[in-house]
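Chain A is the first sequence line, chain B the second, and so forth, proteins listed ahead of strands; every chain is numbered from 1.
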Amino acid sequence: MEMRDAVRATAAIAGLGITEMGKVYGRTASDFAGEAIALALEDAGLKAHDVDGLLVNANQSTESVPTLQFSLGLTDLTLVNVMSAFGSTTGTMLQYAAHAIATGQASVVACLYADAPLTEGGSISQSGYNGRRFNAPGLAGLRFAYGDYGPANSGYALALRRHMHLFGTTHDQLATIAVGQRAWAQMNPRAQMRKPMTIEDYHASRWVVEPLHLFDCCLVSNGGVAVIVTSPERARELRQPPVYLRGFGQCAPGDTARRERDPAVQTGATKAGAMALRQAGIELADLDVLELYDCYTYTVLVTLEDYGFCEKGEGGAFVADGKLAPGGALPCNTGGGQLSSYYMWGFTPLSEGVIQARGQGGERQAAKHDHVLVSGNGGVLTFHSTTILSKHEGDA
Amino acid sequence: MTTTTKTAVPKPVPVPDEASAPFFDGAMRGTLMLLRCRECATFLSPIPGIGAPLRPRCVACFSGDLEWAPSSGRATLYSFVIMHQLYDEAFAQDVPYNIAVVETDEGVRLTSQVADCPNEALEVGMALEVTFERMSDDVAVPKFRPAT
Ligand SMILES: [Zn+2]
(Lines give C-alpha, C1' and ligand atoms only; values in the text may rest on other atoms or scores of the structure.)
Protein backbone atom coordinates (compact mmCIF):
# COMPACT_ATOMS: atom_id res chain seq x y z
CA MET A 1 0.00 0.00 0.00
CA GLU A 2 1.31 3.40 -0.99
CA MET A 3 1.94 5.76 1.92
CA ARG A 4 1.35 9.38 1.17
CA ASP A 5 3.58 12.02 2.61
CA ALA A 6 1.45 14.35 4.71
CA VAL A 7 2.57 17.38 2.75
CA ARG A 8 1.74 15.93 -0.68
CA ALA A 9 -1.42 17.20 -2.26
CA THR A 10 -4.23 14.74 -2.86
CA ALA A 11 -5.99 16.95 -5.40
CA ALA A 12 -5.32 19.72 -7.86
CA ILE A 13 -7.19 22.40 -9.74
CA ALA A 14 -7.00 21.56 -13.42
CA GLY A 15 -9.43 24.03 -14.92
CA LEU A 16 -10.61 27.59 -14.38
CA GLY A 17 -13.55 29.29 -16.06
CA ILE A 18 -14.47 32.95 -15.59
CA THR A 19 -17.41 34.48 -17.44
CA GLU A 20 -17.95 38.11 -18.28
CA MET A 21 -18.28 40.02 -15.03
CA GLY A 22 -20.21 42.91 -13.60
CA LYS A 23 -23.05 44.78 -15.22
CA VAL A 24 -23.84 41.99 -17.66
CA TYR A 25 -27.62 42.09 -17.88
CA GLY A 26 -30.30 39.77 -19.16
CA ARG A 27 -28.62 36.52 -18.17
CA THR A 28 -29.60 34.14 -15.40
CA ALA A 29 -27.35 32.68 -12.71
CA SER A 30 -27.83 29.25 -14.36
CA ASP A 31 -26.65 30.69 -17.65
CA PHE A 32 -23.50 32.06 -16.01
CA ALA A 33 -23.08 28.72 -14.21
CA GLY A 34 -23.20 26.77 -17.47
CA GLU A 35 -20.74 29.07 -19.18
CA ALA A 36 -18.31 29.07 -16.22
CA ILE A 37 -18.25 25.26 -16.16
CA ALA A 38 -17.92 25.04 -19.95
CA LEU A 39 -14.97 27.45 -19.85
CA ALA A 40 -13.34 25.56 -16.97
CA LEU A 41 -13.70 22.22 -18.80
CA GLU A 42 -12.33 23.72 -22.00
CA ASP A 43 -9.44 25.20 -20.02
CA ALA A 44 -8.64 21.77 -18.56
CA GLY A 45 -9.23 19.85 -21.78
CA LEU A 46 -12.13 17.88 -20.33
CA LYS A 47 -15.73 17.26 -21.44
CA ALA A 48 -18.98 17.60 -19.53
CA HIS A 49 -19.34 13.80 -19.41
CA ASP A 50 -16.07 13.61 -17.46
CA VAL A 51 -17.67 15.50 -14.56
CA ASP A 52 -18.90 13.26 -11.75
CA GLY A 53 -19.04 15.84 -8.98
CA LEU A 54 -20.79 19.22 -8.71
CA LEU A 55 -20.45 21.54 -5.72
CA VAL A 56 -22.37 24.79 -5.79
CA ASN A 57 -21.65 27.78 -3.58
CA ALA A 58 -24.92 28.85 -1.96
CA ASN A 59 -25.49 32.57 -2.41
CA GLN A 60 -28.25 35.12 -3.00
CA SER A 61 -29.41 33.33 -6.15
CA THR A 62 -32.46 31.10 -5.96
CA GLU A 63 -30.86 29.08 -8.77
CA SER A 64 -27.94 27.94 -6.61
CA VAL A 65 -29.75 24.74 -5.65
CA PRO A 66 -29.01 21.03 -6.12
CA THR A 67 -31.32 20.82 -9.14
CA LEU A 68 -28.98 23.20 -10.98
CA GLN A 69 -27.45 19.87 -12.04
CA PHE A 70 -30.55 19.18 -14.18
CA SER A 71 -30.46 22.48 -16.05
CA LEU A 72 -26.75 22.00 -16.64
CA GLY A 73 -27.48 18.53 -18.05
CA LEU A 74 -24.95 16.76 -15.84
CA THR A 75 -25.84 13.12 -15.18
CA ASP A 76 -24.92 10.29 -12.83
CA LEU A 77 -22.96 12.44 -10.40
CA THR A 78 -21.45 10.68 -7.39
CA LEU A 79 -20.87 13.89 -5.46
CA VAL A 80 -23.35 16.76 -5.45
CA ASN A 81 -24.12 19.45 -2.94
CA VAL A 82 -24.91 23.09 -2.40
CA MET A 83 -22.58 24.27 0.32
CA SER A 84 -22.97 27.21 2.61
CA ALA A 85 -20.60 28.85 5.02
CA PHE A 86 -21.20 32.28 3.47
CA GLY A 87 -18.06 33.89 2.06
CA SER A 88 -15.87 31.12 3.45
CA THR A 89 -17.63 28.45 1.39
CA THR A 90 -15.02 28.23 -1.35
CA GLY A 91 -12.40 26.73 0.95
CA THR A 92 -14.89 24.26 2.39
CA MET A 93 -15.94 23.18 -1.12
CA LEU A 94 -12.37 22.61 -2.26
CA GLN A 95 -11.69 20.63 0.88
CA TYR A 96 -14.75 18.45 0.32
CA ALA A 97 -13.83 17.95 -3.33
CA ALA A 98 -10.25 17.03 -2.43
CA HIS A 99 -11.41 14.50 0.14
CA ALA A 100 -13.85 12.97 -2.34
CA ILE A 101 -11.07 12.63 -4.88
CA ALA A 102 -8.65 11.13 -2.34
CA THR A 103 -11.20 8.48 -1.39
CA GLY A 104 -12.29 7.76 -4.96
CA GLN A 105 -15.83 9.00 -4.46
CA ALA A 106 -15.44 11.33 -7.42
CA SER A 107 -12.77 11.96 -10.02
CA VAL A 108 -13.64 15.28 -11.66
CA VAL A 109 -15.45 17.79 -9.48
CA ALA A 110 -16.77 21.11 -10.76
CA CYS A 111 -16.91 23.77 -8.03
CA LEU A 112 -19.10 26.69 -8.93
CA TYR A 113 -20.17 30.20 -7.99
CA ALA A 114 -22.74 32.02 -10.12
CA ASP A 115 -25.12 34.87 -9.47
CA ALA A 116 -27.02 37.60 -11.28
CA PRO A 117 -28.20 40.07 -8.62
CA LEU A 118 -27.95 43.15 -10.87
CA THR A 119 -30.75 44.06 -13.26
CA GLU A 120 -30.67 46.80 -15.87
CA GLY A 121 -32.14 49.98 -14.43
CA GLY A 122 -32.66 48.25 -11.09
CA SER A 123 -30.93 49.60 -8.03
CA ILE A 124 -28.72 47.47 -5.84
CA SER A 125 -31.25 47.87 -3.07
CA GLN A 126 -33.60 45.72 -5.14
CA SER A 127 -31.04 42.93 -5.21
CA GLY A 128 -30.61 40.55 -2.32
CA TYR A 129 -27.87 42.66 -0.78
CA ASN A 130 -29.90 45.28 1.00
CA GLY A 131 -32.75 44.54 3.33
CA ARG A 132 -36.22 45.42 2.12
CA ARG A 133 -38.41 47.11 4.71
CA PHE A 134 -41.02 45.03 6.41
CA ASN A 135 -42.70 44.56 9.73
CA ALA A 136 -40.77 41.44 10.66
CA PRO A 137 -41.95 38.95 13.25
CA GLY A 138 -40.40 38.76 16.68
CA LEU A 139 -36.96 40.03 17.53
CA ALA A 140 -35.97 39.89 13.86
CA GLY A 141 -38.11 43.00 13.49
CA LEU A 142 -35.86 45.08 15.73
CA ARG A 143 -33.20 45.82 13.16
CA PHE A 144 -35.74 47.25 10.73
CA ALA A 145 -37.20 49.38 13.50
CA TYR A 146 -33.72 50.78 14.11
CA GLY A 147 -33.04 51.30 10.40
CA ASP A 148 -30.27 48.71 10.29
CA TYR A 149 -30.61 47.93 6.59
CA GLY A 150 -27.96 46.33 4.43
CA PRO A 151 -26.70 44.56 7.53
CA ALA A 152 -23.35 43.51 6.06
CA ASN A 153 -22.30 47.14 5.70
CA SER A 154 -23.28 48.03 9.25
CA GLY A 155 -21.80 44.83 10.69
CA TYR A 156 -18.39 45.42 9.13
CA ALA A 157 -18.52 49.13 9.94
CA LEU A 158 -19.17 48.23 13.60
CA ALA A 159 -16.19 45.86 13.55
CA LEU A 160 -13.96 48.48 11.95
CA ARG A 161 -15.00 51.15 14.46
CA ARG A 162 -14.09 48.76 17.28
CA HIS A 163 -10.67 48.11 15.73
CA MET A 164 -10.11 51.85 15.25
CA HIS A 165 -11.05 52.44 18.88
CA LEU A 166 -8.79 49.74 20.29
CA PHE A 167 -5.76 50.20 18.04
CA GLY A 168 -5.97 53.62 16.42
CA THR A 169 -6.37 52.24 12.90
CA THR A 170 -6.84 55.09 10.42
CA HIS A 171 -8.58 55.74 7.11
CA ASP A 172 -5.20 56.59 5.57
CA GLN A 173 -4.08 53.05 6.39
CA LEU A 174 -7.25 51.51 4.97
CA ALA A 175 -6.86 53.69 1.89
CA THR A 176 -3.56 52.01 1.04
CA ILE A 177 -5.45 48.73 0.68
CA ALA A 178 -8.10 50.20 -1.63
CA VAL A 179 -5.56 52.18 -3.68
CA GLY A 180 -3.18 49.23 -3.94
CA GLN A 181 -5.89 46.91 -5.17
CA ARG A 182 -7.03 49.47 -7.72
CA ALA A 183 -3.48 49.58 -9.04
CA TRP A 184 -3.53 45.79 -9.43
CA ALA A 185 -6.94 46.02 -11.15
CA GLN A 186 -5.50 48.28 -13.81
CA MET A 187 -3.50 45.28 -14.99
CA ASN A 188 -6.49 42.92 -14.98
CA PRO A 189 -8.56 43.07 -18.16
CA ARG A 190 -11.47 41.44 -16.30
CA ALA A 191 -11.60 44.09 -13.56
CA GLN A 192 -14.62 46.35 -13.48
CA MET A 193 -12.92 49.28 -11.75
CA ARG A 194 -9.74 50.23 -13.58
CA LYS A 195 -9.69 54.00 -13.24
CA PRO A 196 -6.66 54.99 -11.14
CA MET A 197 -7.47 55.81 -7.51
CA THR A 198 -5.55 58.10 -5.20
CA ILE A 199 -5.71 58.34 -1.43
CA GLU A 200 -7.58 61.63 -1.97
CA ASP A 201 -10.14 59.84 -4.16
CA TYR A 202 -10.61 57.34 -1.37
CA HIS A 203 -11.22 60.04 1.22
CA ALA A 204 -13.58 61.87 -1.14
CA SER A 205 -15.74 58.79 -1.72
CA ARG A 206 -19.03 59.06 0.12
CA TRP A 207 -19.78 57.38 3.40
CA VAL A 208 -21.85 54.26 2.98
CA VAL A 209 -21.99 53.43 6.64
CA GLU A 210 -19.47 55.53 8.54
CA PRO A 211 -16.64 54.57 9.13
CA LEU A 212 -16.89 52.76 5.76
CA HIS A 213 -16.32 54.89 2.67
CA LEU A 214 -17.69 53.70 -0.65
CA PHE A 215 -14.15 52.69 -1.64
CA ASP A 216 -13.89 50.44 1.42
CA CYS A 217 -16.69 48.31 -0.03
CA CYS A 218 -16.76 45.59 -2.66
CA LEU A 219 -18.68 45.64 -5.93
CA VAL A 220 -21.72 43.49 -6.45
CA SER A 221 -21.41 41.63 -9.76
CA ASN A 222 -23.20 39.37 -12.18
CA GLY A 223 -21.18 36.44 -13.47
CA GLY A 224 -19.87 32.98 -12.74
CA VAL A 225 -16.61 31.24 -11.87
CA ALA A 226 -15.91 27.50 -11.88
CA VAL A 227 -12.87 25.41 -11.10
CA ILE A 228 -12.31 21.75 -11.93
CA VAL A 229 -10.74 19.67 -9.17
CA THR A 230 -9.18 16.31 -9.95
CA SER A 231 -6.36 14.05 -8.80
CA PRO A 232 -2.73 15.23 -9.12
CA GLU A 233 -2.03 12.37 -11.56
CA ARG A 234 -4.93 13.29 -13.83
CA ALA A 235 -4.22 17.01 -13.57
CA ARG A 236 -0.70 16.45 -14.90
CA GLU A 237 -2.11 14.85 -18.06
CA LEU A 238 -4.39 17.80 -18.78
CA ARG A 239 -3.93 21.08 -20.59
CA GLN A 240 -2.91 23.46 -17.80
CA PRO A 241 -0.14 23.45 -15.20
CA PRO A 242 -1.71 21.79 -12.14
CA VAL A 243 -2.42 23.95 -9.13
CA TYR A 244 -2.09 21.64 -6.16
CA LEU A 245 -4.40 21.92 -3.18
CA ARG A 246 -1.91 21.64 -0.37
CA GLY A 247 -3.63 22.77 2.78
CA PHE A 248 -7.04 23.57 4.18
CA GLY A 249 -8.23 25.20 7.36
CA GLN A 250 -11.53 26.42 8.73
CA CYS A 251 -12.56 28.26 11.83
CA ALA A 252 -15.91 29.75 12.78
CA PRO A 253 -15.52 31.54 16.11
CA GLY A 254 -19.26 31.67 16.75
CA ASP A 255 -21.24 33.79 19.15
CA THR A 256 -20.51 37.49 18.78
CA ALA A 257 -23.06 38.68 21.31
CA ARG A 258 -21.29 38.46 24.64
CA ARG A 259 -18.39 40.14 26.35
CA GLU A 260 -16.00 37.20 26.12
CA ARG A 261 -16.19 36.93 22.33
CA ASP A 262 -14.70 39.40 19.92
CA PRO A 263 -14.71 38.18 16.31
CA ALA A 264 -14.93 41.82 15.24
CA VAL A 265 -11.23 42.13 15.94
CA GLN A 266 -10.17 38.49 16.42
CA THR A 267 -11.35 36.30 13.57
CA GLY A 268 -11.15 32.60 12.75
CA ALA A 269 -8.19 33.30 10.47
CA THR A 270 -5.73 32.56 13.26
CA LYS A 271 -6.76 28.93 13.67
CA ALA A 272 -7.68 28.32 10.04
CA GLY A 273 -4.42 29.78 8.75
CA ALA A 274 -2.20 27.81 11.12
CA MET A 275 -4.08 24.62 10.26
CA ALA A 276 -3.73 25.13 6.50
CA LEU A 277 -0.04 26.01 6.68
CA ARG A 278 0.71 23.00 8.86
CA GLN A 279 -1.10 20.73 6.41
CA ALA A 280 0.84 22.24 3.52
CA GLY A 281 4.11 21.82 5.41
CA ILE A 282 5.08 25.46 4.92
CA GLU A 283 5.31 28.66 6.95
CA LEU A 284 4.03 32.20 6.50
CA ALA A 285 7.39 33.24 5.08
CA ASP A 286 7.00 30.67 2.28
CA LEU A 287 3.91 32.40 0.91
CA ASP A 288 4.59 34.38 -2.26
CA VAL A 289 1.13 35.72 -3.04
CA LEU A 290 -1.92 36.39 -0.88
CA GLU A 291 -5.45 36.40 -2.22
CA LEU A 292 -7.45 37.59 0.77
CA TYR A 293 -11.21 37.79 0.96
CA ASP A 294 -11.97 41.50 0.71
CA CYS A 295 -15.64 42.25 1.11
CA TYR A 296 -14.25 45.42 2.76
CA THR A 297 -10.75 46.86 3.16
CA TYR A 298 -10.96 46.12 6.86
CA THR A 299 -11.37 42.39 6.18
CA VAL A 300 -7.94 42.35 4.53
CA LEU A 301 -6.35 44.24 7.42
CA VAL A 302 -7.75 42.06 10.20
CA THR A 303 -7.03 38.87 8.25
CA LEU A 304 -3.36 39.84 7.89
CA GLU A 305 -3.16 40.35 11.65
CA ASP A 306 -4.86 37.09 12.45
CA TYR A 307 -2.69 35.08 10.08
CA GLY A 308 0.24 36.49 12.05
CA PHE A 309 1.89 38.73 9.45
CA CYS A 310 1.98 41.34 12.20
CA GLU A 311 0.86 41.70 15.80
CA LYS A 312 -2.81 42.18 16.68
CA GLY A 313 -3.64 45.84 16.24
CA GLU A 314 -0.69 46.61 13.98
CA GLY A 315 -2.42 45.79 10.69
CA GLY A 316 -2.81 49.47 9.85
CA ALA A 317 0.88 50.21 10.23
CA PHE A 318 1.72 46.95 8.44
CA VAL A 319 -0.14 47.86 5.23
CA ALA A 320 0.65 51.59 5.30
CA ASP A 321 3.92 51.28 3.34
CA GLY A 322 2.03 49.87 0.35
CA LYS A 323 3.58 46.42 0.58
CA LEU A 324 0.38 44.82 -0.74
CA ALA A 325 0.39 46.93 -3.92
CA PRO A 326 2.21 46.26 -7.22
CA GLY A 327 5.94 46.34 -6.60
CA GLY A 328 5.45 45.75 -2.86
CA ALA A 329 6.99 43.03 -0.76
CA LEU A 330 3.75 41.09 -0.26
CA PRO A 331 1.61 40.96 -3.41
CA CYS A 332 -2.00 40.80 -2.26
CA ASN A 333 -5.25 40.67 -4.22
CA THR A 334 -3.32 40.88 -7.44
CA GLY A 335 -6.36 40.99 -9.70
CA GLY A 336 -7.90 43.93 -7.85
CA GLY A 337 -9.95 41.74 -5.53
CA GLN A 338 -13.62 42.20 -4.82
CA LEU A 339 -13.03 45.89 -4.19
CA SER A 340 -11.96 46.60 -7.77
CA SER A 341 -12.30 43.54 -10.00
CA TYR A 342 -15.42 41.47 -9.44
CA TYR A 343 -17.47 40.14 -6.54
CA MET A 344 -17.83 36.36 -6.69
CA TRP A 345 -17.37 35.83 -2.95
CA GLY A 346 -14.56 33.30 -2.32
CA PHE A 347 -14.23 32.57 -6.03
CA THR A 348 -12.68 35.99 -6.58
CA PRO A 349 -9.56 35.30 -4.49
CA LEU A 350 -9.55 31.67 -5.67
CA SER A 351 -9.69 32.55 -9.38
CA GLU A 352 -6.82 35.00 -9.08
CA GLY A 353 -4.92 32.54 -6.90
CA VAL A 354 -5.11 29.90 -9.64
CA ILE A 355 -3.97 32.40 -12.27
CA GLN A 356 -0.99 33.45 -10.12
CA ALA A 357 -0.01 29.91 -9.11
CA ARG A 358 0.02 28.92 -12.79
CA GLY A 359 2.10 31.95 -13.68
CA GLN A 360 -0.55 33.27 -16.09
CA GLY A 361 -1.00 36.72 -14.55
CA GLY A 362 0.64 38.54 -17.47
CA GLU A 363 1.54 42.09 -16.55
CA ARG A 364 0.44 41.54 -12.95
CA GLN A 365 2.12 38.18 -12.45
CA ALA A 366 4.07 37.90 -9.20
CA ALA A 367 7.69 36.96 -9.94
CA LYS A 368 7.69 34.19 -7.36
CA HIS A 369 4.53 32.15 -7.12
CA ASP A 370 5.32 28.80 -5.57
CA HIS A 371 2.78 29.13 -2.77
CA VAL A 372 -0.42 31.15 -2.80
CA LEU A 373 -2.73 31.62 0.15
CA VAL A 374 -6.45 32.05 -0.56
CA SER A 375 -8.76 33.14 2.24
CA GLY A 376 -12.51 33.02 2.61
CA ASN A 377 -14.53 35.02 5.09
CA GLY A 378 -18.23 35.06 5.77
CA GLY A 379 -20.93 36.33 8.04
CA VAL A 380 -19.49 39.33 9.79
CA LEU A 381 -15.99 37.93 10.30
CA THR A 382 -17.60 34.84 11.82
CA PHE A 383 -16.66 32.17 9.26
CA HIS A 384 -13.17 31.68 7.89
CA SER A 385 -11.49 29.29 5.49
CA THR A 386 -7.91 29.11 4.29
CA THR A 387 -6.64 27.25 1.25
CA ILE A 388 -3.01 26.87 0.24
CA LEU A 389 -2.39 26.57 -3.50
CA SER A 390 0.97 25.51 -4.82
CA LYS A 391 2.65 24.78 -8.11
CA HIS A 392 4.41 21.92 -6.31
CA GLU A 393 2.67 18.71 -5.36
CA GLY A 394 4.84 18.61 -2.23
CA ASP A 395 7.98 20.26 -0.94
CA ALA A 396 11.18 18.34 -0.41
CA MET B 1 -39.29 56.84 29.78
CA THR B 2 -41.14 56.59 26.48
CA THR B 3 -41.05 58.89 23.49
CA THR B 4 -43.17 58.82 20.38
CA THR B 5 -41.84 59.27 16.85
CA LYS B 6 -43.90 60.70 14.01
CA THR B 7 -42.73 60.52 10.40
CA ALA B 8 -44.57 60.67 7.10
CA VAL B 9 -43.68 57.08 6.20
CA PRO B 10 -44.04 54.94 9.32
CA LYS B 11 -41.02 52.98 10.45
CA PRO B 12 -41.30 49.20 10.27
CA VAL B 13 -42.76 47.99 13.55
CA PRO B 14 -41.72 44.59 14.88
CA VAL B 15 -44.58 42.10 15.15
CA PRO B 16 -44.27 40.34 18.54
CA ASP B 17 -44.75 36.59 18.31
CA GLU B 18 -45.17 33.97 20.98
CA ALA B 19 -41.44 33.43 21.47
CA SER B 20 -40.61 37.13 21.73
CA ALA B 21 -43.70 38.20 23.72
CA PRO B 22 -41.86 38.45 27.07
CA PHE B 23 -39.29 40.76 25.48
CA PHE B 24 -41.91 43.08 23.97
CA ASP B 25 -44.15 42.93 27.04
CA GLY B 26 -41.11 44.00 29.07
CA ALA B 27 -40.43 46.84 26.66
CA MET B 28 -43.99 48.13 27.10
CA ARG B 29 -43.45 48.06 30.88
CA GLY B 30 -40.09 49.81 30.55
CA THR B 31 -37.95 46.77 31.38
CA LEU B 32 -35.25 45.29 29.18
CA MET B 33 -35.71 41.52 29.23
CA LEU B 34 -32.88 39.14 28.38
CA LEU B 35 -32.60 35.39 28.36
CA ARG B 36 -30.89 33.84 31.38
CA CYS B 37 -29.74 30.28 31.97
CA ARG B 38 -31.46 28.60 34.92
CA GLU B 39 -28.52 26.23 35.34
CA CYS B 40 -25.60 28.67 35.52
CA ALA B 41 -27.29 32.10 35.64
CA THR B 42 -25.44 33.35 32.54
CA PHE B 43 -27.30 36.13 30.75
CA LEU B 44 -27.67 35.63 27.02
CA SER B 45 -28.32 37.87 24.09
CA PRO B 46 -31.70 36.77 22.75
CA ILE B 47 -30.55 36.94 19.12
CA PRO B 48 -27.26 35.30 18.25
CA GLY B 49 -27.39 36.60 14.68
CA ILE B 50 -29.51 38.58 12.31
CA GLY B 51 -32.79 36.89 11.50
CA ALA B 52 -32.27 34.00 13.92
CA PRO B 53 -35.01 32.90 16.29
CA LEU B 54 -34.43 32.91 20.03
CA ARG B 55 -31.46 30.93 21.14
CA PRO B 56 -32.32 27.47 22.38
CA ARG B 57 -29.25 26.85 24.53
CA CYS B 58 -26.97 28.54 27.04
CA VAL B 59 -23.65 29.59 25.51
CA ALA B 60 -21.79 28.81 28.74
CA CYS B 61 -23.11 25.40 29.81
CA PHE B 62 -25.33 24.32 26.86
CA SER B 63 -28.36 23.91 29.10
CA GLY B 64 -31.68 24.24 27.33
CA ASP B 65 -33.34 25.56 30.47
CA LEU B 66 -33.57 29.29 29.75
CA GLU B 67 -35.85 31.94 31.20
CA TRP B 68 -36.54 35.62 30.58
CA ALA B 69 -35.07 37.86 33.27
CA PRO B 70 -34.79 41.63 33.65
CA SER B 71 -31.55 43.38 32.76
CA SER B 72 -30.25 46.29 34.83
CA GLY B 73 -30.61 48.32 31.64
CA ARG B 74 -27.12 49.70 32.16
CA ALA B 75 -24.67 49.29 29.32
CA THR B 76 -21.57 50.66 27.64
CA LEU B 77 -21.19 51.49 23.97
CA TYR B 78 -19.23 48.66 22.34
CA SER B 79 -19.26 50.13 18.83
CA PHE B 80 -21.40 52.36 16.66
CA VAL B 81 -21.79 53.40 13.04
CA ILE B 82 -23.48 56.25 11.26
CA MET B 83 -25.94 55.34 8.54
CA HIS B 84 -25.57 57.86 5.72
CA GLN B 85 -27.25 55.91 2.96
CA LEU B 86 -31.04 56.06 2.89
CA TYR B 87 -32.44 52.55 2.50
CA ASP B 88 -35.98 53.34 3.61
CA GLU B 89 -38.00 56.57 3.23
CA ALA B 90 -39.15 56.15 6.82
CA PHE B 91 -35.66 57.20 7.90
CA ALA B 92 -35.41 60.23 5.58
CA GLN B 93 -35.58 62.65 8.49
CA ASP B 94 -33.12 60.60 10.53
CA VAL B 95 -30.10 60.29 8.22
CA PRO B 96 -27.38 60.38 9.27
CA TYR B 97 -28.44 58.22 12.22
CA ASN B 98 -26.57 55.77 14.41
CA ILE B 99 -26.72 52.02 14.81
CA ALA B 100 -25.04 50.86 17.98
CA VAL B 101 -23.89 47.68 19.64
CA VAL B 102 -24.12 48.00 23.38
CA GLU B 103 -22.75 45.69 26.03
CA THR B 104 -25.02 45.44 29.04
CA ASP B 105 -23.74 45.08 32.58
CA GLU B 106 -24.72 41.41 32.31
CA GLY B 107 -22.13 40.99 29.53
CA VAL B 108 -24.64 40.72 26.71
CA ARG B 109 -24.27 42.57 23.40
CA LEU B 110 -27.32 43.97 21.66
CA THR B 111 -27.72 45.85 18.42
CA SER B 112 -29.75 48.98 19.06
CA GLN B 113 -29.55 52.75 18.74
CA VAL B 114 -28.29 55.51 21.00
CA ALA B 115 -31.04 58.08 21.56
CA ASP B 116 -30.77 61.64 22.84
CA CYS B 117 -27.16 61.99 21.72
CA PRO B 118 -25.78 63.83 18.69
CA ASN B 119 -23.61 61.70 16.41
CA GLU B 120 -20.55 63.83 17.25
CA ALA B 121 -20.89 62.98 20.94
CA LEU B 122 -20.90 59.20 20.47
CA GLU B 123 -17.86 57.54 21.95
CA VAL B 124 -16.98 53.87 22.29
CA GLY B 125 -17.06 52.97 25.97
CA MET B 126 -19.56 55.66 27.00
CA ALA B 127 -22.00 54.75 29.77
CA LEU B 128 -25.58 54.19 28.63
CA GLU B 129 -28.94 53.29 30.08
CA VAL B 130 -31.93 51.74 28.41
CA THR B 131 -34.87 53.80 27.24
CA PHE B 132 -37.90 52.73 25.24
CA GLU B 133 -39.36 54.18 22.08
CA ARG B 134 -43.03 53.64 21.48
CA MET B 135 -43.62 52.64 17.86
CA SER B 136 -47.33 51.84 18.04
CA ASP B 137 -50.05 51.38 20.63
CA ASP B 138 -48.74 47.89 21.38
CA VAL B 139 -45.05 47.90 20.53
CA ALA B 140 -42.03 49.64 22.05
CA VAL B 141 -38.38 48.97 21.27
CA PRO B 142 -35.36 49.39 23.54
CA LYS B 143 -32.82 52.07 22.77
CA PHE B 144 -30.00 53.42 24.90
CA ARG B 145 -29.20 56.96 25.97
CA PRO B 146 -26.25 58.51 27.78
CA ALA B 147 -26.40 57.49 31.44
CA THR B 148 -27.55 60.18 33.81
ZN1 LIG C 1 -25.79 27.94 31.45
Side-chain angles (χ1 to χ4, degrees), chain A residues 86 123-126 129-166 205-214 217 254-265 379-380 382-383, chain B residues 9 11-21 23-24 42-55 59-60 78-91 94-97 99-101 103 106-113 119 123-125 133 135 139 141-143:
Chain A
F86 304 112
S123 87
I124 184 62
S125 58
Q126 289 164 313
Y129 284 97
N130 285 320
R132 169 178 69 81
R133 66 169 279 127
F134 67 107
N135 299 334
L139 296 172
L142 286 172
R143 51 172 277 247
F144 299 102
Y146 298 137
D148 186 11
Y149 293 85
N153 288 339
S154 58
Y156 281 88
L158 285 160
L160 170 58
R161 170 90 64 192
R162 185 75 189 163
H163 198 277
M164 288 174 146
H165 167 75
L166 291 174
S205 71
R206 67 180 169 88
W207 293 120
V208 174
V209 175
E210 189 182 346
L212 289 174
H213 281 286
L214 181 66
C217 306
D255 198 0
T256 64
R258 61 185 178 128
R259 188 177 287 148
E260 298 77 14
R261 311 290 307 182
D262 222 352
V265 294
V380 178
T382 39
F383 297 85
Chain B
V9 179
K11 289 180 181 168
V13 181
V15 183
D17 54 12
E18 201 182 327
S20 62
F23 180 89
F24 287 106
T42 300
F43 273 90
L44 308 164
S45 168
I47 325 180
I50 286 162
L54 298 187
R55 357 167 139 253
V59 295
Y78 172 79
S79 190
F80 67 95
V81 299
I82 308 298
M83 304 291 286
H84 288 263
Q85 193 163 315
L86 184 63
Y87 291 101
D88 182 340
E89 268 310 309
F91 292 86
D94 295 13
V95 280
Y97 58 91
I99 297 292
V101 172
E103 199 169 271
E106 295 84 11
V108 168
R109 286 191 202 127
L110 300 168
T111 300
S112 184
Q113 285 190 287
N119 289 338
E123 239 180 289
V124 172
E133 184 174 306
M135 299 198 71
V139 177
V141 300
K143 296 193 176 183

Below 4.5 Å, heavy atoms only, C-beta onward: do [X] and [Y] meet side chain to side chain?
X: A/D262; Y: B/R109; value: yes
X: B/P142; Y: A/Y146; value: yes
X: B/I82; Y: A/R161; value: yes
X: A/L142; Y: B/T111; value: no
X: B/F23; Y: A/L139; value: yes

Shortest non-hydrogen contact between [X] and [Y], atoms and distance:
X: B/M135; Y: A/A145; answer: SD-CB, 3.5 Å
X: B/V81; Y: A/P211; answer: CG1-CD, 4.1 Å
X: B/S45; Y: A/A257; answer: CB-CB, 3.5 Å
X: B/I99; Y: A/L158; answer: O-CD2, 3.9 Å

Measure the spacing between [atom1] of [X] and [atom2] of [Y] and express it to the nearest 0.5 Å.
X: B/F43; Y: A/R259; atom1: CZ; atom2: CZ; value: 11.5 Å
X: A/Y149; Y: B/D88; atom1: OH; atom2: CG; value: 3.5 Å
X: A/F144; Y: B/Y87; atom1: CZ; atom2: OH; value: 12.5 Å
X: B/M83; Y: A/N153; atom1: CE; atom2: CG; value: 7.5 Å

Quick check: are there more than 12 heavy atoms from other residues, nucleotides or ligands sitting under 6.0 Å from CD of A/E260?
yes

Other residues, nucleotides, ligands: >12 heavy atoms within 6.0 Å of A/F86 CZ:
no

Applying side chain to side chain contact (heavy atoms under 4.5 Å, CB included) to A/R258 and B/V108, what does each step give before you reach the verdict?
CA-CA 5 Å; A/R258 61 185 178 128; B/V108 168; 5.6 Å; no

Is it the side chain or the backbone of B/T42 that comes within 4.5 Å of chain A heavy atoms, both, or neither?
neither

With a 4.5 angstrom heavy-atom cut-off, is it the side chain or the backbone of B/F24 that approaches chain A, or both, or neither?
side chain

Tell me, for A/A157 versus chain B, whether the close heavy atoms (under 4.5 Å) come from the side chain, the backbone, both or neither.
both

Applying salt bridge (Lys or Arg N to Asp or Glu O under 4.0 Å), can you list everything that pairs with A/R162, at least two apart in sequence or on another chain?
none

Going by the rule side chain to side chain donor-acceptor pair (under 3.5 Å), which residues pair with B/S79 if we only count those two or more places apart in sequence or in a different chain?
none

Where the side chain of B/Y97 meets the backbone of A/G147, is there a donor-acceptor pair that is under 3.5 Å apart?
yes

